[in-house]
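Below, chain A is the first sequence line, B the second, and so on; all start at residue 1. Values below: every heavy atom of this structure, side chains too, minus hydrogens, waters and symmetry copies.
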Amino acid sequence: MPELPEVESVVRSLSSKIIGRRISNIYINNPNLRNFIDINIGNKLVGSYISEIYRRAKYIVFIMDDFVLIIHLGMTGILLFNGNLSLKHNHVNIFFDDGNYIVYNDCRRFGSFHIINKDEEEVFFSKIGMEPLIESFNYTYLKNLLKGNRCIKSFLMDNKYIAGIGNIYASEILYMCGISPLRQVKDINDVEINNLIYSIKNILTESIKNNGSSIRDYKNADGVFGVYQKFFKVYNRQGKECYNCQNKIEKILVNGRSTFLCNYCQS
DNA sequence: CGCAACTCCTGAGCGC
DNA sequence: TGCGCTCAGGAGTTGC
């Protein structure tokens, strides 16, 4: 899916268009996403005003009068503003009082919809780690968590420690700071921790500026593709030359996920 | 604890 | 043109 920059791009492209709007109708074409969407629960949202939209980890959060709608895009979910209503894999349409609407389309149906009461929001996100782009995501926060034998790449992708980093950005971040994805977290030294933090913030921020990355399905709510994939240094570049040392980029498996690195620049 | 293996699902890309 | 295989941005669960 969409990782942090892609979800952020969706939220930004959506917010000015639907904040202050009232939901006039919800149509569920297929309730069988990762979780089952109860149509009666969906109908509870009709009549609600959307007062705020934000991203938390890889979730899109819609704040309403009494309820909170939380959408996860899974691997292939897209949320299109006034998108084509007759596409294959359209699962949910949300219509607004001004005649506009958003369509949730998700080929693999790994995404999810959660409708909760306002007072349940904190609990919903209680197991999610810190947002990497806020100031308090710093040396002190990370130092305390980098204990044990697990490898740094699986740590970066573990959303209970850091929110929003997925398989693509984990590889890109580790290349930027010269750390091998296989390094055990307890062996990351203080200089490397600071470099890692810098790389996380830099890569995610740059990607957001480019509307994220579009590998195949992803686009923001305006239907605009991200272009950050043009700047990938290692992801999907196995066999090609490292931009820094000209040795070949390698592809390995880490916890079953494709991982890309330069064995000379990363150690 | 870490992690491998599996689950959910569809389709693109590849070799033959 | 088609078949079968592998792989894909996530994340939860199970079992070792």
Side-chain angles (χ1 to χ4, degrees), chain A residues 1-11 29-37 55-60 70-79 87-92 104-114 124-129 132 144-174 181-188 203-204 207-208 210-220 224-239 251-260:
Chain A
M1 129 164 124
E3 303 181 33
L4 184 153
E6 290 77 37
V7 180
E8 180 67 26
S9 181
V10 171
V11 167
N29 180 50
N30 183 350
N32 298 297
L33 301 184
R34 164 172 281 281
N35 62 340
F36 180 84
I37 312 174
R55 178 194 56 74
R56 176 77 175 98
K58 298 168 192 166
Y59 293 92
I60 303 168
I70 300 169
I71 300 178
H72 195 291
L73 302 176
M75 295 269 237
T76 51
I78 47 177
L79 206 51
L87 290 183
K88 196 173 181 182
H89 308 302
N90 280 354
H91 304 310
V92 182
Y104 180 76
N105 182 291
D106 185 358
C107 160
R108 289 173 74 181
R109 284 191 274 123
F110 284 2
S112 58
F113 273 58
H114 310 265
F124 187 92
F125 290 118
S126 60
K127 289 179 181 152
I128 306 278
N144 283 326
L145 297 174
L146 291 176
K147 290 167 185 161
N149 298 327
R150 75 185 303 186
C151 74
I152 185 64
K153 195 220 175 195
S154 80
F155 174 87
L156 287 182
M157 288 177 64
D158 190 333
N159 277 255
K160 70 173 174 281
Y161 300 121
I162 310 175
I165 297 177
N167 198 44
I168 290 180
Y169 293 102
S171 282
E172 293 296 319
I173 287 163
L174 289 168
L182 297 172
R183 278 275 292 287
Q184 295 186 328
V185 292
K186 64 174 161 50
D187 294 335
I188 310 277
I203 291 212
L204 296 177
S207 182
I208 290 170
N210 286 278
N211 288 318
S213 313
S214 294
I215 304 300
R216 185 176 298 154
D217 307 296
Y218 166 76
K219 34 183 127 163
N220 73 13
V224 173
F225 291 97
V227 291
Y228 188 72
Q229 67 276 11
K230 286 196 305 189
F231 302 103
F232 287 170
K233 304 287 196 301
V234 287
Y235 186 81
N236 247 347
R237 293 196 67 248
Q238 68 274 25
K251 175 180 176 178
I252 61 173
L253 282 185
V254 177
N255 294 351
R257 307 295 301 276
S258 293
T259 303
F260 303 86

Note to self: From C-beta outward on A:Cys107, which listed nucleotide comes closest to its side chain: C:dA11, B:dC8, B:dT10?
What the structure shows: B:dT10
Would you list the protein and nucleotides 4-8 of chain C atom pairs, both N or O, that sit under 3.5 Å from each other?
{"from": "C:dA8", "atom 1": "OP1", "to": "A:Ser258", "atom 2": "OG", "distance (Å)": "2.0"}
{"from": "C:dA8", "atom 1": "N3", "to": "A:Arg108", "atom 2": "NH1", "distance (Å)": "3.1"}

Check: What does A:Gly148 touch in the nucleic acid at a heavy-atom separation under 4.0 angstrom: a base, only the sugar-phosphate, or nothing?
Finding: nothing
Margin query: Taking 4.0 Å as the cut-off, does a side-chain nitrogen or oxygen of A:Lys58 come that near to OP1 or OP2 on C:dA11?
Written below: yes
Next item on the list: May I ask you to decide if A:Ser214's main-chain N or O and A:Gln229's side chain share a donor-acceptor pair within less than 3.5 Å?
Entry: yes
Item checked: Involving DNA chain C, stems made of at least three consecutive Watson-Crick or G-U pairs, both distances under 3.5 Å -> B:2-8 with C:10-16, B:10-16 with C:2-8
Note to self: Is any side-chain heavy atom of A:Ser207 closer than 4.5 Å to one of A:Glu6?
What the structure shows: yes
Note to self: Looking at A:Gly129, is its backbone amide N or carbonyl O close enough to the side chain of A:Asn159 to form a donor-acceptor pair, meaning the two atoms are under 3.5 Å apart?
What the structure shows: no
Next item on the list: Round to the nearest Å and state the distance from A:Asn159 atom CG to C:dG12 atom P.
Entry: 8 Å
Item checked: Polar side-chain atom of A:Glu172 near backbone of A:Tyr235 as donor-acceptor pair, under 3.5 Å -> yes
Margin query: Between A:Asn149 and B:dG2, is there a contact of a side-chain N or O with OP1 or OP2 at under 4.0 Å?
Written below: no
Check: How close or far is atom C1' of B:dT10 from atom OH of A:Tyr218, stated in whole angstroms?
Finding: 21 Å
Note to self: Of the options B:dC3, B:dC8, C:dA11, whose atoms approach the side-chain atoms of A:Phe110 most closely?
What the structure shows: B:dC8
Item checked: Rounded distance (Å) that lies between atom P of B:dC9 and atom CG of A:Asn35 -> 13 Å
Next item on the list: Under 4.0 Å between any heavy atoms, over every strand shown, what does A:Ser171 touch: base, sugar-phosphate, or nothing? Just pick one.
Entry: nothing
Note to self: What is the separation between atom NE2 on A:His91 and atom P on B:dT10, rounded to the nearest whole Å?
What the structure shows: 9 Å
Next item on the list: Classify the ring geometry between A:Phe125 and A:Tyr59 as parallel (under 30°), tilted (30 to 60°) or perpendicular (over 60°).
Entry: perpendicular
Notebook entry, point to check: Taking NE2 from A:His89 and P from B:dG11, how many angstroms apart are they, rounded to a whole number?
Noted result: 4 Å
Notebook entry, point to check: Can you tell me if the side-chain N/O atoms of A:Lys88 get under 4.0 Å from OP1 or OP2 in B:dG11?
Noted result: yes
Notebook entry, point to check: Distance-only, no hydrogens or angles: does the A:Glu3 side chain make a donor-acceptor pair with backbone N or O of A:Lys58 under 3.5 Å?
Noted result: no
Notebook entry, point to check: Do A:Ser171 and A:Phe232 come close enough that some side-chain heavy atom pair is under 4.5 Å?
Noted result: no
Note to self: Using only atom types and a distance under 3.5 Å, with no angle test, would you say the side chain of A:Arg56 pairs donor to acceptor with the backbone of A:Ile128?
What the structure shows: yes
Notebook entry, point to check: Does any N or O in the side chain of A:Asp106 come within less than 3.5 Å of the main-chain N or O of A:Gly111, such that one atom is a donor and the other an acceptor?
Noted result: yes
Check: If the P atom of C:dC3 is compared with that of B:dC9, how far apart are they to the nearest Å?
Finding: 23 Å
Next item on the list: Ignoring backbone atoms, test whether A:Ser154 places a side-chain nitrogen or oxygen under 4.0 Å from the OP1 or OP2 oxygen of B:dC3.
Entry: yes
